[in-house]
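Throughout, a chain's letter reflects where its sequence line sits, starting with A, and its residues are numbered from 1.
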Amino acid sequence: MGSPMGNWPSYNPHSFSQVVPADPSAQPSNVTPATYIATHRTDPPPGQVITTDPKNILLRHFYQKSEEKLRPKRAAPDNLTPQNNGKQPRGPVADDGGSQASGRS
Amino acid sequence: MSVWNYVVTAHKPTSVTHSCVGNFTSPQQLNLIVAKCTRIEIHLLTPQGLQPMVDVPIYGRIATLELFRPHNETQDFLFIATERYKFCVLQWDGEKSELLTRAMGDVSDRIGRPTDNGQIGIIDPDCRLIGLHLYDGLFKVIPFDNKGQLKEAFNIRLEELQVLDIKFLYGCVKPTIVVLYQDNKDARHVKTYEVALKDKDFVEGPWSQNNLDNGAGLLIPVPAPLGGVIIIGEETIVYCNANATFKAIPIKQSIIRAYGRVDPDGSRYLLGDNTGILHLLVLTHERERVTGLKIEYLGETSIASSISYLDNGVVYVGSRFGDSQLVKLNLQADANGSYVEVLERYVNLGPIVDFCVVDLDRQGQGQVVTCSGAFKDGSLRVVRNGIGINEQASVELQGIKGLWSLKSSFNDPYDMYLVVSFISETRFLAMNMEDELEETEIEGFDAQTQTLFCQNAISDLLIQVTANSVRLVSCTSRELVDQWNAPEGFSVNVASANVSQVLLATGGGHLVYLEIRDSKLVEVKHIQLEHEISCVDLNPIGENPQYSSLAAVGMWTDISVRILSLPDLELIRKENLGGEIVPRSVLLCTLEGISYLLCAVGDGHLFSFLLNASTGELTDRKKVSLGTQPISLRTFSSKGTTHVFASSDRPTVIYSSNKKLLYSNVNLKEVNHILAIAKEGELSIGTIDDIQKLHIRTIPLNEQARRICHQEQSRTLAFCSFKHNQISIEESEIHYVRLLDHQTFEFLSTHPLDQYEHGCSIISCSFSDDNNVYYCVGTAYVLPEENEPTKGRILVFAVEDGRLQLIVEKETKGAVYSLNAFNGKLLAAINQKIQLYKWMLREDGSHELQSECGHHGHILALYTQTRGDFIVVGDLMKSISLLVYKHEESAIEELARDYNANWMSAVEMLDDEIYVGAENNYNLFTVRKNSDAATDEERGRLEVVGEYHLGEFVNRFRHGSLVMRLPDSEMGQIPTVIFGTINGVIGIIASLPHDQYVFLEKLQSTLVKFIKGVGNLSHEQWRSFHNDKKMSEARSFLDGDLIESFLDLSRSKMEEVSKGMGVSVEELSKRVEELTRLH
């Protein structure tokens, strides 16, 4: 690889093609574009006023854990795979979540 | 001044905090979007450079600005989060040119400690979620659904409490963040987490890296397929990724806070450091494996706060500390080894640390001289309102009645002759070969009489109109070619001409229209109007620049202005002006493609009408006051654009900006006639400034100025400044007191301060029993081992032969944060204490400062202002207190205080009773002295009477005005205070009479219904006083920026507002326009 300079990405070859560098001794430019005034409706589409889930993080973990506990009980009768097989993949996730929750809160 | 205050921006924020590039306004257009604290600017990339499109006010201080592209969209959306925990997602509607709100909301939490290192807002590169770090220990997630809509946000606990940066990694199956944090042993590490959206929790990420550079502060995620992250430290740059690739390079110690990605694949980055050096960081790679890092020096720019690679090697460098720049990266280094070429600089006044108001002409119009910029980008900026004429030459000439310029032939680009008309003669001046102006003769012209009008005409002819005749003279031979004589018994009173037409009026209401045909004057039409004619004009505004089909005529008696058709002089329209003042000058003109009829009446008022050039219809009548004397109107052209010069006792340039007529006063005392300008008793020729409202002149210092003050008597400015000296690794600062000429800004003298000594305050003052004027400088010895300075000095300088002469020095027991001239003595704020010094004459004739009395009881007395015997103190954290000096007892006592815990950044006394303060949560408030209260307890309390969220950090208030105040106008009676802020805002606080305040308050509350906050952010919430402890609605302050935007509304919206107010549009416009003339 040669010089890292050059080969600058180009998205539109015309951009800046006619720029004349400003006179270095000139005063910096002080142009502000027209000020935007919103006289139209600015409310967002329905459902897009976002709020934060008010549930406490700790409570959320408790609910999640209890849901997870409930789930295997219901699933068990239909599930024909051996019990320990079904438990293992879930185990570390549940444990991990539990330890994080208790560790952090 | 009063409790009823109007706050308005005279100069918008210019300090750039964020910038980003994307296809925002259309899928084909590439835009640069720049955030300037409370505003965003949208620019378009064009062959000619950056084209500013729109400046958008945001009702909040922008904390995060990100462009992103949701799935299935062809254009980028803009995500903005504000410091007060509001956010919005904006989309540009190209058809209507409107900013649509796609989503918005509040992301604050009831409990939570705001982060110390600023808010972080990031968007997953695959657009699965927005991540926010706003409070220590919490990471907020706003998920996207599969249609790109936002869903309810939730918090995840983040174990790391001292987070320095968080970024999303590219190319991860699950959204993954990388966190740079500091542990409780101050070591810095990075760690990754996957965001499990379903479980609303983190899962330990694929990798982490411990024990990084102690100064690591910035993460740069690298796009797929390379992936991973670059960690920028103060001494090393490290790359690491999930495959345990680890590359590091050492760098020269520097703090890098700004970066811009060059290549979409992430193989090159621009890095900007704290000394303004631009580097190129290159990730060398083989296929998809990073093999090393390289860093190259590119050159010097302003100290960057944001860097955006635009296109074709052109880069935008946004700065908080200096002017922002557009730079080009060249392939070859120049003679200085720099690859950077500056294409354009954009003015930035921020941070305004201090300023003074200088009224050089003593006309009540101040120019503001700011201490702007920081570190190497420090400068003084001279800000003044109005258009300047840079005088090239002037001669004393008494009794000039008229002045015209003529070209030596029709197609010449420049003027050659000046025709100067006096009451009974006309003289001709011409440029000679040496570019000097000398008197000449134009033989065909009548020099023995006053000239009424002069003009170059087609076929290389010159027209002269006098009371008796119209003369046509050849440019080449200068001899008379044709002549039209006024009928016997009539003399020409007023006349106007263009290159092919002449219109003149004689007594008795006779109006004569001539045309130039084949070098002959042909009388085409003659009519008699029922009244005397006061002024005429036939400036071409139609498509043909050589021929006008409309004429404007002003009338005595019925005080009307009439539009007549040409050549038949049929009346098209008659507009009664009302009142009793005769129109003295009319002008037809086209500015920015819009035709106007301007009509100036004898008392300095100007009427403007929109003119339909084909039908002659007049609409949108407006009346403004430009001065008090008759105005004469004429068009001129500067830099290819046509403007109107209104000469009178208060010369004004009328120009059009964004299709709106604006008035800018010209900084000249009195102008009777222009082109070259004839002042009272003087003829001067000058070049005109760029046509705009505020003019800023930069005096680069290459060091940072902190305090400035003006001394009229010695015609100087003095300021305290400091310079960073980086000798090897050891960094040191040297502080100075410097002296400048107040007109030329030439450096006159410098006084270096001691080692560790900082200049903290400077004033110009005089003492009792001493006629001299001195500069007093307060200093502090800032020793590395001390928490607060325990030693400082007061230095008294005299200016002798343009030099600073140290006369007296007095040691103090702390930092002299503020100084005031006070009853012929010197009042100093020194750490916790207010101290008064007498100026004592010693037996040997020298002087000394002798401590007289003091007042304890402040945390740190940072700002003091005085009025009579009263002293107002702004404390570091105990808001405002009021002290009084008792002469008899020679003591300073506290009278009252505000018991709120405001951390002050500036105070000023608006009048004896009302004081204004600015504090560090960007609020303004006013307090009132309760001297009439019944109990001691109440008298001892400064009552908070006004509260307002400015959204800007004010460093200084000063009494003064940026505009000339006409004493006889209503606006001239309104006292104003100027303020300067960190973001480079110059603003005005104007104290209004109560009835005007009530009227404008109603207007403001009506406008809020019509002018919405962009992103649906609420104006009421934005302007509410807000700090850690409380939030309360704004009161006794009006938002002038909102009120003045009334003038930018469309006519139909104005009418709706007018209906809501029950006041006519014309009256509303007039009242708001008057307000705009406060700044």
Side-chain angles (χ1 to χ4, degrees), chain A residues 1 3-24 26-58 60-61 63-64 68 93-94 96-97 100-101 103-105, chain B residues 12 30 41 45 47-49 52-56 98-99 101-107 109 142 149-150 152-155 157 159 199-201 262-264 268 280 282 284 294 296 311-314 323 329 331 339 341 343-347 658 696-698 1010-1014 1016 1045 1048 1053:
Chain A
M1 191 170 157
S3 162
M5 311 292 168
N7 259 333
W8 304 117
S10 176
Y11 304 102
N12 177 351
H14 299 298
S15 292
F16 304 109
S17 56
Q18 295 168 28
V19 174
V20 185
D23 177 2
Q27 293 289 320
S29 79
N30 180 26
V31 182
T32 21
T35 300
Y36 181 82
I37 296 181
T39 49
H40 52 88
R41 286 172 64 93
T42 56
D43 23 343
Q48 289 298 287
V49 177
I50 307 301
T51 51
T52 307
D53 177 5
K55 222 178 284 165
N56 181 293
I57 296 177
L58 177 64
R60 196 170 72 208
H61 274 288
Y63 292 140
Q64 266 169 8
E68 273 161 22
V93 176
D96 194 34
Q100 271 187 11
R104 283 178 196 148
S105 40
Chain B
K12 290 173 186 174
L30 203 53
E41 272 179 25
L45 273 63
Q48 292 78 30
M53 288 178 75
V54 70
D55 159 52
V56 185
E98 282 178 3
L99 283 165
T101 311
R102 291 301 300 243
M104 53 94 56
D106 188 322
V107 282
D109 284 313
I142 313 175
Q149 302 271 304
L150 289 177
E152 185 182 54
F154 59 87
N155 283 317
R157 194 147 294 282
E159 260 177 78
D199 294 340
K200 300 188 174 178
D201 207 347
V262 177
D263 304 282
R268 286 181 296 183
L280 186 71
V282 184
T284 52
K294 264 202 314 192
E296 307 270 346
D311 204 353
N312 301 322
V314 176
D323 292 336
L329 306 177
L331 296 179
Y339 293 89
E341 181 186 6
L343 298 178
E344 180 84 73
R345 290 184 299 151
Y346 305 97
V347 88
N658 301 314
I696 297 166
R697 180 172 159 200
T698 306
F1010 294 96
I1011 300 177
K1012 305 286 167 42
V1014 170
N1016 214 23
S1045 57
D1048 296 325
K1053 289 281 172 197

For chain B, which candidate among [options] shows the most heavy-atom pairs at distances under 4.5 Å?
{"options": "A/N7, A/T39, A/D23", "result": "A/T39"}
{"options": "A/K55, A/R60, A/R41", "result": "A/R60"}
{"options": "A/P21, A/A34, A/P13, A/P33", "result": "A/P33"}
{"options": "A/G6, A/P24, A/G47", "result": "A/G6"}
{"options": "A/S17, A/A38, A/P45", "result": "A/A38"}
{"options": "A/P54, A/S29, A/A22", "result": "A/S29"}

If I measure from the heavy atoms of chain A, does [X] come under 4.5 Å with its side chain, its backbone, both, or neither?
{"X": "B/L280", "result": "side chain"}
{"X": "B/E41", "result": "side chain"}
{"X": "B/K1012", "result": "both"}
{"X": "B/M53", "result": "backbone"}
{"X": "B/D323", "result": "side chain"}
{"X": "B/L99", "result": "both"}
{"X": "B/Y339", "result": "side chain"}

Choice from [options] maximising heavy atom contacts with chain A below 4.5 Å:
{"options": "B/V107, B/V56, B/L150", "answer": "B/L150"}
{"options": "B/G105, B/G1013, B/A103", "answer": "B/A103"}
{"options": "B/K200, B/R697, B/K12", "answer": "B/K200"}

As an exercise, state the distance from CG of B/L45 to CG of B/D311, rounded to the nearest 0.5 Å.
6.0 Å
Is B/N312 reaching over with its side chain to a backbone N or O of A/S15, donor-acceptor style, under 3.5 angstrom?
yes
Indicate yes or no for a side-chain donor-acceptor contact from A/Q48 to the backbone of B/Q149 under 3.5 Å, with no hydrogens or angles considered.
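No.
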Can you name the closest pair of heavy atoms from [X] and [Y] and give their distance?
{"X": "B/P264", "Y": "A/Y11", "value": "CG-OH, 3.6 Å"}
{"X": "B/L331", "Y": "A/W8", "value": "CD2-NE1, 4.2 Å"}
{"X": "B/N1016", "Y": "A/P44", "value": "ND2-CD, 3.7 Å"}
{"X": "B/S1045", "Y": "B/I1011", "value": "OG-CD1, 3.3 Å"}
{"X": "A/Q64", "Y": "B/D199", "value": "NE2-O, 2.8 Å"}

Side chain to side chain donor-acceptor pair (under 3.5 Å) with A/H14: which residues, sequence neighbours excluded?
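By the side chain to side chain donor-acceptor pair (under 3.5 Å) rule, A/H14 matches no residue at all.
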Side chain to side chain donor-acceptor pair (under 3.5 Å) partners for B/E98, two or more places apart:
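Applying side chain to side chain donor-acceptor pair (under 3.5 Å) to B/E98 gives none.
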